[in-house]
Protein chains: 4
Amino acid sequence: MANQPKTAKQEAILHAAAQLFARQGYAATSMAQIAAAAGIGKGTTYAYFAGKEDLLLKVFQWHYGRMEDKLNVSIAALGGTASQRLTAMNDAIMTSWTEFKDLFGLVMEFWVASTTPRIRSHFQEAFRGGYQHFRQVVAALLEDGIARGEFDPTVDTKALAAVMVGSWDALLLQAWFDEGFDPLATSRVHMQVLLKGLAA
Amino acid sequence: MANQPKTAKQEAILHAAAQLFARQGYAATSMAQIAAAAGIGKGTTYAYFAGKEDLLLKVFQWHYGRMEDKLNVSIAALGGTASQRLTAMNDAIMTSWTEFKDLFGLVMEFWVASTTPRIRSHFQEAFRGGYQHFRQVVAALLEDGIARGEFDPTVDTKALAAVMVGSWDALLLQAWFDEGFDPLATSRVHMQVLLKGLAA
Amino acid sequence: MANQPKTAKQEAILHAAAQLFARQGYAATSMAQIAAAAGIGKGTTYAYFAGKEDLLLKVFQWHYGRMEDKLNVSIAALGGTASQRLTAMNDAIMTSWTEFKDLFGLVMEFWVASTTPRIRSHFQEAFRGGYQHFRQVVAALLEDGIARGEFDPTVDTKALAAVMVGSWDALLLQAWFDEGFDPLATSRVHMQVLLKGLAA
Amino acid sequence: MANQPKTAKQEAILHAAAQLFARQGYAATSMAQIAAAAGIGKGTTYAYFAGKEDLLLKVFQWHYGRMEDKLNVSIAALGGTASQRLTAMNDAIMTSWTEFKDLFGLVMEFWVASTTPRIRSHFQEAFRGGYQHFRQVVAALLEDGIARGEFDPTVDTKALAAVMVGSWDALLLQAWFDEGFDPLATSRVHMQVLLKGLAA
DNA sequence: CATGAATGAGGCTTCATTCAT
DNA sequence: GATGAATGAAGCCTCATTCAT
């Protein structure tokens with residue numbers, strides 16, 4: 001899923017599209033707006049992307065790729081106990097998302113894109129794969145913790161991984177609707193309680 | 001927020017719209033389709049709803065009201081320890097949602113509707129209020145558990161409530177993308193670990 | 001052209017329609033509005049009038065009849081020299097129109113109705129007849145003045161009558177666009193100059 | 001008020017719209033018809049005009065500008081006594097209008113447009129200004145005649161100017177309804193009588 | 001007679017996409 | 001390659017008119 005944009009222009013379009021989709025929504029964003037924001041002609045977009053739907057998909061893949069990279073890097077850099085590594089990962093993700101908070105609107109657009117029949121297949125598959133990947137990464141950390149004797153070996157690691165991954169979505173979602181909500185602090189509380197409950 | 005449809009026809013429209021929005025998405029659904037699905041003329045819809053946006057909002061309020069009612073009923077019926085009540089509530093919600101799983105597409109549409117500038121205010125506010133309400137309900141149960149000496153009194157009940165509420169969204173979301181994913185079982189595992197971590 | 005409304009309800013509809021056509025224009029007025037303003041049900045209008053176009057025509061005939069009556073009465077009451085009678089008639093008409101100034105919007109609607117292909121025939125004919133009638137009345141007064149030796153016998157009475165009749169339209173039209181314009185005073189100046197130019 | 005169309009296509013649209021508005025009326029003319037008559041696609045119109053109302057306004061400004069130009073030219077070319085110049089101007093206007101007689105339907109549409117609430121402001125103001133301009137031009141000629149000792153100095157030049165300007169509207173209006181009516185000849189009679197009545 | 005709920009034709013407008021320059 | 005003028009499908013919505021009650 002490594003779709004790095006080849007041209008600077010291609011990246012400019014992706015960037016503009018991502019911004020606008022996030023801010024106004026996919027439906028409310030016109031190709032003309034994207035082209036204008038990217039500083040190119042209206043027709044040029046079609047030299048790089050097959051159409052509006054394809055552009056959405058490419059924006060998705062682009063962001064997904066960047067997020068995966070970031071996650072892989074931070075995981076690689078992790079050290080210490082499984083608890084520490086889980087906590088570090090949680091922090092890394094919540095922090096990085098909170099940085100460009102408004103880009104979370106994009107994620108919601110991606111979710112909804114999986115509703116529209118014609119686009120569904122692409123996104124549904126991509127999301128399923130993405131969730132499975134992240135769950136697996138987290139589950140591996142949990143299993144590592146079990147192997148090290150940190151965590152209760154009877155716990156269902158897959159299920160717990162799903163909840164942890166889901167909590168990232170869920171807390172950012174609540175932050176989306178509520179300015180006063182602090183997703184990072186909330187997720188830390190969650191981690192603490194979980195780790196306590198997980199203790200061997 | 002009790003917006004019960006008065007007329008049978010009004011309800012038929014709401015029903016048709018909800019179905020189609022859930023199945024195809026808001027943008028991909030035309031007013032003509034809704035009218036046809038409701039078995040009425042194209043113009044009749046406008047006698048009951050101000051337009052397409054209004055219809056989405058009313059569908060939202062209708063479903064939200066029904067969900068709130070269901071939650072209130074199930075809470076009222078709860079008994080036993082705080083742990084038991086929390087578990088029962090979690091089960092009730094996950095079960096009821098899993099029943100009409102495809103309606104979850106609607107929720108995603110509502111989320112995204114909060115992105116579109118013109119509709120944003122209505123939905124943003126409604127969702128913020130909704131989340132606050134549900135978090136409060138759960139937090140109250142947690143505090144009750146602390147008062148009863150079941151739970152660790154140092155825990156941040158608000159944060160934990162947010163995570164629990166969020167886990168409903170998050171697990172259903174993953175189930176949306178992955179047929180093989182079992183949100184109810186997963187949430188039960190989550191509850192167990194949480195309750196263990198919460199223990200006084 | 002005596003189309004007196006038979007029923008009180010019929011007159012109420014005509015009244016409401018006239019008001020609304022004058023205020024908002026024919027196109028911008030809906031049958032629903034007219035019915036509401038007349039205090040009757042939306043369907044009832046069709047028991048008295050064939051449709052919207054017919055209603056416009058009937059409003060026209062109603063007003064035209066009332067104006068003709070008024071003119072005939074004032075002419076009958078006229079006395080004195082031809083100059084005095086012309087002046088009196090001019091004053092009567094300009095005064096009566098200035099009274100319900102906003103109804104002049106109706107006259108413009110009638111003019112334009114003569115543009116729309118399907119309605120054209122009715123209005124075109126009615127207006128042609130109306131103008132011919134008024135021109136004839138004025139021309140008769142002018143010829144009477146000639147017979148009495150007041151006016152220059154070489155003058156083209158028909159042409160002059162047309163101008164006098166036209167000046168009523170024209171000055172009210174300018175008053176329609178310009179609040180500060182005084183059609184009555186202006187028409188009196190016109191009459192004076194005309195009469196001076198007409199003197200035997 | 002110099003709104004010359006820049007593109008050939010823009011002018012084609014204006015032309016087509018003017019024709020159709022004049023022939024069928026504004027309300028009875030659809031944007032699709034205009035596009036077809038202009039030989040372009042349905043959507044192209046919106047690249048040049050903001051919408052149907054804007055198109056009407058632009059047609060108005062276009063025609064008004066052309067008429068003003070014509071008037072200014074003919075006035076500049078005038079010579080001789082004030083009486084001769086007034087007569088020449090009267091003839092020039094009536095002649096030029098009679099040439100494209102059917103375009104007079106447009107003027108009526110413009111009048112009525114000043115009735116519709118939302119468009120009113122634009123047209124009302126434009127017409128008020130237009131009338132004031134034309135009255136001023138005529139009044140200046142009359143005052144010139146007074147200065148030259150041709151006309152009675154006690155006459156109200158403004159009022160008379162309003163009547164003269166109005167007579168152009170009024171006589172063309174009557175000609176609109178009556179094929180047999182000769183507005184040019186009629187206006188000449190009017191001028192003669194007026195000039196006689198104006199004589200010093 | 002009166003009503004007003006229901007209808008559907010028809011209009012305006014938007015916008016993704018194409019293609020000649 | 002890049003452009004933006006042009007297109008026309010498609011959607012939302014209004015409203016005159018009908019008809020069962």
Side-chain angles (χ1 to χ4, degrees), chain A residues 7 9-10 13 26-36 38-56, chain B residues 7-10 12-13 26-36 38-56, chain C residues 7 9-10 13 26-36 38-56, chain D residues 7-10 12-13 26-36 38-56:
Chain A
T7 329
K9 203 163 291 189
Q10 202 171 115
I13 298 171
Y26 174 77
T29 301
S30 72
M31 293 297 273
Q33 263 180 89
I34 294 170
I40 59 169
K42 221 185 319 180
T44 309
T45 314
Y46 290 85
Y48 295 90
F49 301 94
K52 199 182 176 187
E53 281 179 9
D54 179 53
L55 187 47
L56 180 66
Chain B
T7 328
K9 199 157 295 187
Q10 201 171 115
I13 298 171
Y26 174 77
T29 302
S30 73
M31 291 298 273
Q33 266 178 83
I34 294 171
I40 59 172
K42 220 189 327 175
T44 308
T45 315
Y46 292 86
Y48 295 91
F49 302 94
K52 200 183 176 187
E53 280 182 11
D54 181 52
L55 187 48
L56 180 65
Chain C
T7 328
K9 202 163 290 190
Q10 202 171 114
I13 299 171
Y26 174 78
T29 301
S30 72
M31 292 297 273
Q33 263 179 88
I34 294 170
I40 59 170
K42 219 185 322 179
T44 309
T45 314
Y46 291 84
Y48 295 92
F49 302 94
K52 200 182 176 188
E53 282 179 7
D54 180 52
L55 188 47
L56 180 65
Chain D
T7 327
K9 200 157 294 189
Q10 200 172 115
I13 299 171
Y26 174 78
T29 302
S30 74
M31 291 298 273
Q33 266 180 82
I34 294 171
I40 59 172
K42 222 188 327 175
T44 308
T45 315
Y46 291 86
Y48 295 90
F49 302 94
K52 200 183 177 188
E53 280 181 9
D54 181 53
L55 187 48
L56 180 64

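In the text below, chain A, chain B and the rest are named by the order of the sequence lines, each starting its count at 1.
Both A:Ala28 and D:Lys52 sit near DNA chain E, but only D:Lys52 has its closest nucleotide nearer the 5' end. Take the nearest nucleotide of DNA chain E for D:Met31 and for A:Gly51: the residue whose nucleotide is more 5' is D:Met31. Between C:Tyr26 and B:Ala27, the one whose closest nucleotide on DNA chain F sits nearer the 5' end is B:Ala27.
For the pair D:Ala38 and D:Ala12, the tightest heavy-atom approach, listed with the atom from each and the gap, is CB-O, 3.9 Å. Minimum interatomic distance between A:Phe49 and A:Ile13 (heavy atoms only, all atoms of both residues): CE1-CG2, 3.6 Å. Annotation for A:Ala27 and B:Ala27: closest pair CB-CB, 4.4 Å, computed over non-hydrogen atoms. Nearest approach of D:Lys42 to D:Ala35, heavy atoms of both residues: CA-CB, 3.9 Å. For C:Ile40 against C:Thr45, the heavy-atom pair with the smallest separation is CD1-OG1, 3.9 Å.
In this structure the side chain of B:Met31 reaches within 4.5 angstrom of the side chain of B:Ile34, judged on heavy atoms.
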* Asked: How does DNA chain F look in dot-bracket notation if pairs are Watson-Crick or G-U with both distances under 3.5 Å, crossing ones as [ ], other-strand ones as |?
  -> .||||||||||||||||||||

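Interatomic distance, C:Tyr48 OH to C:Asp54 CG, rounded to the nearest 0.5 Å: 14.5 Å.
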Quick test: give all pairs of protein nitrogen or oxygen and nucleotides 1-3 of chain E nitrogen or oxygen below 3.5 Å, distance rounded to 0.1 Å.
unit_1: E:dA2; atom_1: OP1; unit_2: C:Lys9; atom_2: NZ; d: 2.8
unit_1: E:dA2; atom_1: OP1; unit_2: C:Tyr48; atom_2: OH; d: 3.4
unit_1: E:dA2; atom_1: OP2; unit_2: C:Tyr48; atom_2: OH; d: 3.0
unit_1: E:dT3; atom_1: OP2; unit_2: C:Gly41; atom_2: N; d: 2.9
unit_1: E:dT3; atom_1: OP2; unit_2: C:Thr44; atom_2: OG1; d: 2.5

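Chain B approaches DNA chain F over the interval F:dC12 to F:dT14, counting the first and last nucleotide 5' to 3' with an atom under 4.0 Å from its heavy atoms.
A donor-acceptor pair under 3.5 Å is absent between the side-chain atoms of A:Thr7 and the main chain of A:Gln10, judged by distance alone.
Between D:Tyr46 atom OH and E:dT13 atom P there is a gap of 4 Å when expressed in whole angstrom units.
Note that A:Lys52 lies in the cation-pi zone of A:Tyr26, set by a 6.0 Å cut-off to the ring centre and a 45° limit from the axis.
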